[in-house]
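Working notes for the structure below.
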Amino acid sequence: MLYAVFLHFMVAIAVSTKNSTDQSKPPGKGKPNFIIIMTDDQDLHLNSLDYQPAVQKHFTEQGSFYKKHYVTLAQCCPSRVSFLTGMAGHNTNVTDVFPPYGGYPKFISQGFNDNYLPVWLQQAGYNTYYTGKFLNAHDLGNWNKPLPKGWTGSDFLLDPYTYMYYNATLQRNQEPPKSYPGEYNTDLIKDRALGFLDEAAAADEPFFIGVMPIGPHTETTVPENPSEESLPVFLPPKPAKRHEHLYQGVKIPRTYNFNPDKPSGANYVRELPQQNETVLAYNDEFYRLRLASLAAVDDLINEVFEKLEEYDLLDNTYIIYTTDNGFHMGQHRMDPGKSCAYEEDVNVPMIIRGPGVPKRNVTSPTSHTDIVPTLFKLAGIPLLEQFDGSPMPITPEEHANAKTEHVNIELWGGNLGEGEYRIPVPTLRNTYKALRIVAEDYEYTYIVWCTNEHELYDMKVDPGQMDNLWDTENDDCDFPPERLQPRLDALLMVLKSCKGDVCVHPWKSIHPLGNVNTLKDAMSPEFDAFYASQPEVSFSECAMGYFPSAEGPQRAIPFIPREMT
Ligand SMILES: *[C@@H]1O[C@H](CO)[C@@H](O)[C@H](O)[C@H]1NC(C)=O
Ligand SMILES: *[C@@H]1O[C@H](CO)[C@@H](O)[C@H](O)[C@H]1NC(C)=O
Ligand SMILES: *[C@@H]1O[C@H](CO)[C@@H](O)[C@H](O)[C@H]1NC(C)=O
Ligand SMILES: *[C@@H]1O[C@H](CO)[C@@H](O)[C@H](O)[C@H]1NC(C)=O
Ligand SMILES: *[C@@H]1O[C@H](CO)[C@@H](O)[C@H](O)[C@H]1NC(C)=O
């Protein structure tokens, strides 16, 4: 609680230092508008975007595609809270979809209802609107206990009907929830998005609109009190009636990591049996239904852009297309689902268009914790100290100066497969720390599981993460694994508990002199002995929530040259 009070105080400071010289001028005058369209569980790696001509037309052809954009938590609620606060999961401690470790109640008890994006934007003079999925476990029982703060207009999908494609429950502003049997979920969200856009355009203030359709998430029945005995049932998504026939015969891409002959990965992933023809056929149809459910999202996009053109707002509006986490289906033999640190789950679509955003592919890494800092920068709002991310590069100069090469990925708790053939018990060993390094000359994935198993992949040669280099010797590599591992461990040690600027500049914690800013710098042989003496990232148990006592050593040793000691 004390922490939440402190954060609240920091926000108060940031806001009070705003210019207040000209009281007659609305505080938001001249600031740009923002629209973010965030789908649910959309993949980048299974090529779903190839089936969305509206995304191509309005986003890819018009703006910057962040090809190395990551979610730092590959699960809906933790990822959305991280997006809405600009903070890493280990700092929000909203680490699951349901209480006690996550869901809307945890968001409230952590104090974020007074301390997140819409509240800050309103303080900066914005009108704020939101429709669609907010947070898991925001439901028929707790929707007004309390109401989510900060919204000028809101219309939320509520649990347990959030993921019912034809029986949504929506809750508008202060009004009681209302059920919409027979109407198509994504179309309901589209209508509300267009309505809020009308309201926003009529008001003389800058605006933010969050549009959060559920496609292509599964049709999910959420039990009233989820537990190990009563788990949600996840069935393939239902497309809109007008789209049911689409994409007959389209199959999940047969990449080299798809249902491989030999087991891959580590931990429970390595124990999975190969999928048989029945399961493959079921999952291919599941995949087709995902693509078809995205066609309604495309309709939504087309109509939002028609309206933006009609109101002549495109010159002053930044529009973002992304999702809350990725998705896998059959890669590493896994049942359909998310929650892993593999590329399919964490590297997600992220496209931004708007004034001054060039048409380009961006290859420097960015993450969901960077989204709010990016909006703040574009709106000229001073960044908050609690942000664990930094503004994403947009202009050519910013791209030239984008030196970050790391993304910190983490998760706590279990993993549930989806679909009829999922392994029926939840895997309770899905707590891990992971690191993605993305540089021009080298790329790695490094994962430490709560079982203390490790995975290390050279992403330049093995993008499908099939050849685990952990504990192998390979002197042909530029960075031999035995020299690479201790460096990655030290970096992960800093990132797994970093706050604020430390998350943006982690090498400074290990090399306070500032002479090491990249993995390449750290690979210098002069540091071999130093890194060999670092503590290793490890766990003493697979905890379901964030308990630092279960997570081994907490600090990397800083490098102090002998002449300074
Ligand atoms: C306040 O106004 C001055 C001058 O117009 C400007 O340089 C400064 O960036 C503004 N500060 C904030 C916090 O908006
Ligand atoms: C995270 O939240 C759980 C309860 O949900 C609590 O028991 C735990 O101590 C918290 N962890 C930290 C590091 O605050
Ligand atoms: C549809 O949702 C309402 C609550 O909003 C519920 O009472 C009703 O049982 C649901 N119908 C079906 C078929 O699930
Ligand atoms: C294929 O695998 C599924 C899931 O393990 C199983 O239920 C089914 O019986 C299997 N089918 C055949 C034909 O072996
Ligand atoms: C971005 O990359 C894709 C291939 O991934 C390519 O087809 C496209 O032309 C590139 N776009 C730009 C603007 O360079």
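The residues of the chain are indexed from 1 along the displayed sequence. In listed order, ligands and their atoms are each counted from 1.
Closest to atom 6 (C) of ligand 2, if we only count protein heavy atoms, is Phe547 CE2, 4.0 Å. With hydrogens left out, the protein atom closest to atom 4 (C) of ligand 3 is Tyr161 CE1, 3.5 Å, a heavy atom. In this structure, the protein non-hydrogen atom closest to atom 14 (O) of ligand 4 is Asn276 ND2, 3.2 Å. For atom 5 (O) of ligand 3, the closest non-hydrogen atom on the protein side is Thr169 OG1, 2.8 Å. Looking only at protein heavy atoms, the nearest one to atom 1 (C) of ligand 3 is Asn167 ND2, 1.5 Å. The nearest heavy-atom contact from the protein to atom 13 (C) of ligand 4 is Thr278 OG1, 3.6 Å. If you check which protein heavy atom lies closest to atom 2 (O) of ligand 2, you get Asn93 ND2, 2.4 Å.
Gln331 contributes a side-chain N or O that, together with a main-chain N or O of Met329, makes up a donor-acceptor pair within less than 3.5 Å. A donor-acceptor contact shorter than 3.5 Å links the side chain of Thr220 to the backbone of Thr218.
In this structure, Pro100 counts as a contact residue of ligand 2, since one of its heavy atoms falls inside 4.0 Å of the ligand. Ligand 2 lies within reach of Lys106, whose nearest heavy atom is under 4.0 Å from it.
The aromatic rings of Phe387 and Phe376 stand perpendicular to each other, their planes meeting at an angle above 60°, with 30° marking the opposite boundary. Using cut-offs of 30° and 60° on the angle between ring planes, the pair Tyr166 and Tyr184 is tilted.
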Could you walk me through whether Gln465 and Ser264 pass the side chain to side chain donor-acceptor pair (under 3.5 Å) test, one step at a time?
-> CA-CA 8 Å; Gln465 302 167 311; Ser264 55; over 6 Å; no
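Counting non-hydrogen atoms of neighbouring residues, nucleotides and ligands closer than 6.0 angstrom, the CD atom of Gln248 exceeds 12 such neighbours. The neighbour count for Arg242 CZ, taken as heavy atoms of other residues, nucleotides or ligands under 6.0 Å away, is above 12. Enclosure of atom CD in Glu277 is not indicated, since only 12 or fewer non-hydrogen atoms of other residues, nucleotides or ligands lie within 6.0 angstrom.
Taking every non-hydrogen atom of Val279 and a distance limit under 4.0 Å, the qualifying atoms of ligand 4 come out as 2 (O), 3 (C), 4 (C).
The N/O atoms of Tyr421, backbone and side chain alike, include none that comes under 3.5 Å of an N/O atom in ligand 4. For the pair Pro548 and ligand 2, the shortest N or O to N or O distance does not fall below 3.5 Å. Looking at Tyr101 next to ligand 2, no N or O pair under 3.5 Å apart turns up.
Less than 4.0 angstrom separates atom 9 (O) of ligand 4 from none of the non-hydrogen atoms of the protein.
The side chain to side chain donor-acceptor pair (under 3.5 Å) with Arg192 is formed by just one residue from the set Asp155, Thr131, Asp187; it is Asp155.
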